[in-house]
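Written below as structure tokens is the structure these notes are about.
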Amino acid sequence: MFLIVPDPAHGLVAAPESPRDLTPVTTQFLTAQGFAWNDDIQAYTRRTDQSPTAVDRIAGVLRDLGHYVFCAHRPLPTR
């Protein structure tokens, strides 16, 4: 299981529930998307593109890889 959420201090965060979630394919995908492992918070983080679209895209791919994913982002403003 993963939590995908934008965080003001860390950027876009992809946090696994346990080390079992860090399969080679999952790790390769996150690294290819510009994420790096952050030991302090035990999660992958990326400073760029924290948009709702990015949250949904990363969550979608992780779901396609067989993970359960919880994600959150601020709703886009409506005009």
Considering only heavy atoms from C-beta outward, does the side chain of [X] approach that of [Y] to under 4.5 Å?
X	Y	value
Asp49	Leu12	no
Val55	Val5	no
Ile4	Leu62	yes
Tyr44	Asn38	no
Val13	Pro6	no
Cys71	Asp56	yes
Phe2	Glu17	no
Ile58	Gln33	yes

Is there a path from [X] to [Y] through hydrophobic residues (I, L, V, M, F, W, Y) whose side chains come within less than 4.5 Å of each other?
X	Y	answer
Tyr68	Leu22	no
Trp37	Val61	yes
Met1	Phe29	no

**OP:** Look up atom OG in Ser51 and atom CZ in Arg57, then write down how far apart they are to the nearest 0.5 Å.
**Re:**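 Output value for this atom pair is 8.5 Å.
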Original post:
Can you tell me how far the OG1 atom of Thr26 sits from the NE2 atom of His67, to the nearest 0.5 Å?
Top reply: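 Result: 2.5 Å between the selected atoms.
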**OP:** Please name the pair of heavy atoms, one in Ala43 and one in Pro16, separated by the smallest distance, quoted to 0.1 Å.
**Re:**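 Nearest heavy atoms, Ala43 then Pro16: CA-CD, 4.1 Å.
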**OP:** Check Arg63 against Val69 and note the closest heavy-atom contact, atom names and distance.
**Re:**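 Scanning both residues, the minimum pair turns out to be NH2-O, 3.1 Å.
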